[in-house]
Chemist: 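Below are the structure tokens for one structure; questions will follow.
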Amino acid sequence: MHFPSILLTAFLAVQLSERALCQQLPPQKFQTHPTRMNVTNWNRHHRTSAAPRSDEMANTCKDLLTNLHDRVSVLATLDEDLRNRLENIENKMGQFEASNLGRLDSLAVQQTDFLKRLDTLDYLERQTKRNIDELKETVLRTARQTNDRLPQMVSNDVKLDSLGSLLLSTRSAVNELNNHLETNLNKLTNMVTRGFKRVRNNNRQPTNFYDTRQPSEPLITSCTQGVPSNGILRLQLTPESDPFYVRCEDELFGGGWTIIQNRYNGKLNFYRSWLEYQTGFGNIGGEFFIGLDKLHALTSSAVHELLITLQDFEGNSRYARYSLFAIGNEKEDYALNLLGEYEGDAGDSLTYHAGSKFSTFDNDNDGCVDCNCAQSRNGAWWYNWCDMSNLNGKYFEENYNATTPYQGMYWEKFNGPSYSLRAVRMMIRPVNADSDLSSK
């Protein structure tokens, strides 16, 4: 039964109850010509019986009607609340459907890339098998040639020398084949590892940003060109590049920021390898790092600025904003090549790292001669010798204000190197986007 029907039923019940109660009141009977004796008896009876009973029934009727009206009001309020809940559910279902469509597109791109890599694996396997067959034929041919050259009456010493030479040449060929197999095996292992990681993490995108596809609509290259209600936007930097998804921030300093790193609960481990920082990891709906390949593609497509927001466990918030920001490519080890002037209230703890290369525990590119800053700091960053900030460091939920110096997720000018922060966000935006947004 729909709620408007319930209200109608309740209203009819009120009307019927009112009629029924009123009909239960006893009628007053009078004679047409009462005598003095009849009037006296009627007054006595009216005072002792009829009047009290009539008043009692009227009060009962009034109380019952009041209760019914209150219940009808409650039903009307419940009806309004449920309609609001249904509207909220419909809105959430729409957002969920849009999010799923984006994820399906991402999975389709990753599946295509994985199939290409499987084809490459098949080719390498066939090539390896062909090399083994060629080696076998070479060994057999060498053995036959050696036997044909030995005369029938050659001494046993000459035969032994020939067999020794054959064994040495065979051993050399086997060693060469073994080295070749090890090289192919390493290539296969790296390719399979990358493929499985991209399949498991549906938010990661291929590191190759170029193909022959042409967009049918104007390219969206940054969050300044429009932010959907769920904050997720599909970017394509050039007509030849592969699209990928990013998360946008549309409230701070005019909006239009692309989030490149987000940490707020410590559930995601940021102590990761060079390959993982290249491709990116995490979920853009939660904690994540966008990946150095995408970050280089973004900052090389246009001049960007950088915004870092920081928050400690006491609820204090700070920010650091740099007018310019760009990193190099893989050959440059993603060095922090461009960092502009600082402004904000968090203090400048990044300029010290300007020009430094990116380092992880398995790829040491820092300026320290006799140490590995990524290993000693439990993170990955543009380490100099070593750091004044470590926003990819270890997350501490306990003893966050008394950690071992330089071991946590810290910003030296905000609470010092022994305080591990609660939340950090790094965002970039094309330069002059603030004025462009305000003019729209």
Side-chain angles (χ1 to χ4, degrees), residues 98-99 101-120 190-191 194-195 197-199 201-228 230-249 256-262 274-285 288-306 324-338 358 426-433 436:
S99 177
L101 290 176
R103 292 181 180 178
L104 288 175
D105 291 342
S106 176
L107 287 175
V109 173
Q110 293 170 8
Q111 183 181 12
T112 302
D113 182 72
F114 186 65
L115 291 176
K116 291 180 181 179
R117 294 184 181 275
L118 287 179
D119 292 339
T120 305
N190 292 333
M191 294 175 67
R194 292 184 181 183
K197 286 179 179 178
R198 289 177 179 173
V199 170
N201 301 295
N202 62 358
N203 65 307
R204 297 180 187 173
Q205 302 296 329
T207 58
N208 179 20
F209 295 93
Y210 302 97
D211 64 6
T212 58
R213 292 178 291 180
Q214 297 293 331
S216 58
E217 297 179 358
L219 297 180
I220 298 178
T221 59
S222 73
C223 290
T224 60
Q225 296 172 253
V227 181
N230 57 7
I232 307 299
L233 192 63
R234 185 172 182 263
L235 302 185
Q236 187 171 5
L237 302 181
T238 66
E240 298 79 21
S241 66
D242 285 338
F244 57 97
Y245 289 90
V246 298
R247 185 175 177 184
C248 302
E249 209 294 321
W257 298 95
T258 298
I259 302 175
I260 62 174
Q261 186 244 43
N262 189 29
W274 179 263
L275 177 61
E276 291 174 296
Y277 269 95
Q278 275 187 304
T279 57
F281 53 88
N283 187 333
I284 60 175
F288 72 96
F289 182 78
I290 193 172
L292 295 169
D293 284 330
K294 295 188 186 72
L295 185 55
H296 166 68
L298 286 167
T299 57
S300 61
S301 65
V303 180
H304 280 69
E305 59 179 327
L306 173 67
L324 299 172
F325 175 78
I327 68 170
N329 57 24
E330 183 179 2
K331 293 182 180 179
E332 298 172 297
D333 294 320
Y334 306 106
L336 185 55
N337 289 334
L338 183 61
F358 198 87
M426 298 179 65
M427 297 164 277
I428 61 174
R429 184 178 67 179
V431 175
N432 298 327
D436 293 341

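Because the structure is predicted, anything quoted here is derived from the model rather than measured.
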Chemist: Any side-chain heavy-atom pair from Leu295 and Ile428 closer than 4.5 angstrom?
Modeler: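 Yes, side chains in contact.
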Chemist: Between atom CG of Leu336 and atom CZ of Phe358, what is the distance when rounded to the nearest 0.5 Å?
Modeler: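 It is 10.5 Å, given to the nearest 0.5 Å.
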Chemist: Check the pair Glu276 / Phe289 against side-chain contact (heavy atoms from CB on, under 4.5 Å), numbers first and verdict last.
Modeler: CA-CA 9 Å; Glu276 291 174 296; Phe289 182 78; over 6 Å; no
Chemist: Hey, could you give me the CG/CZ distance between Leu298 and Phe325, rounded to the nearest 0.5 Å?
Modeler: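 It comes to 10.0 Å.
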Chemist: What heavy-atom pair brings Thr224 and Pro430 nearest, and what distance separates the two atoms?
Modeler: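 Taking Thr224 first and Pro430 second, the nearest heavy atoms are CG2-CD, 4.1 Å.
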Chemist: Quick one: does Gln225's side chain have a donor or acceptor within less than 3.5 Å of a partner on Leu219's backbone?
Modeler: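 Side chain of Gln225 to backbone of Leu219: a pair is present.
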Chemist: Please round to the nearest 0.5 Å and tell me the distance separating atom CD1 of Ile327 and atom CD1 of Ile260.
Modeler: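 Here the rounded value is 8.0 Å.
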Chemist: Would you say the side chain of Cys223 lies within less than 4.5 Å of the side chain of Val246, judging by non-hydrogen atoms?
Modeler: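 Side chain of Val246 against side chain of Cys223, heavy atoms only: contact under 4.5 Å found.
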Chemist: Please walk me through it: do Phe288 and Asn283 pass side-chain contact (heavy atoms from CB on, under 4.5 Å)?
Modeler: CA-CA 5 Å; Phe288 72 96; Asn283 187 333; 5.7 Å; no
Chemist: To the nearest 0.5 Å, tell me how far Gln236 CD sits from Thr221 OG1.
Modeler: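 The CD atom of Gln236 sits 10.5 Å away from the OG1 atom of Thr221.
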Chemist: Would you compute the distance between atom CG of Leu324 and atom CG of Leu338 and round it to the nearest 0.5 angstrom?
Modeler: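 Going from CG on Leu324 over to CG on Leu338, the span is 5.0 Å.
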Chemist: Ile259 vs Ile284, test: side-chain contact (heavy atoms from CB on, under 4.5 Å). Steps then yes/no.
Modeler: CA-CA 9 Å; Ile259 302 175; Ile284 60 175; over 6 Å; no
Chemist: Could you pull out the closest heavy-atom pair between Ala326 and Thr299, with the gap in Å?
Modeler: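 Nearest pair, atom of Ala326 first, then Thr299: CA-CB, 3.7 Å.
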Chemist: Roughly how far apart are Ile220 CD1 and Leu235 CG, rounded to 0.5 Å?
Modeler: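 Rounded to the nearest 0.5 Å, the CD1-CG separation comes to 7.5 Å.
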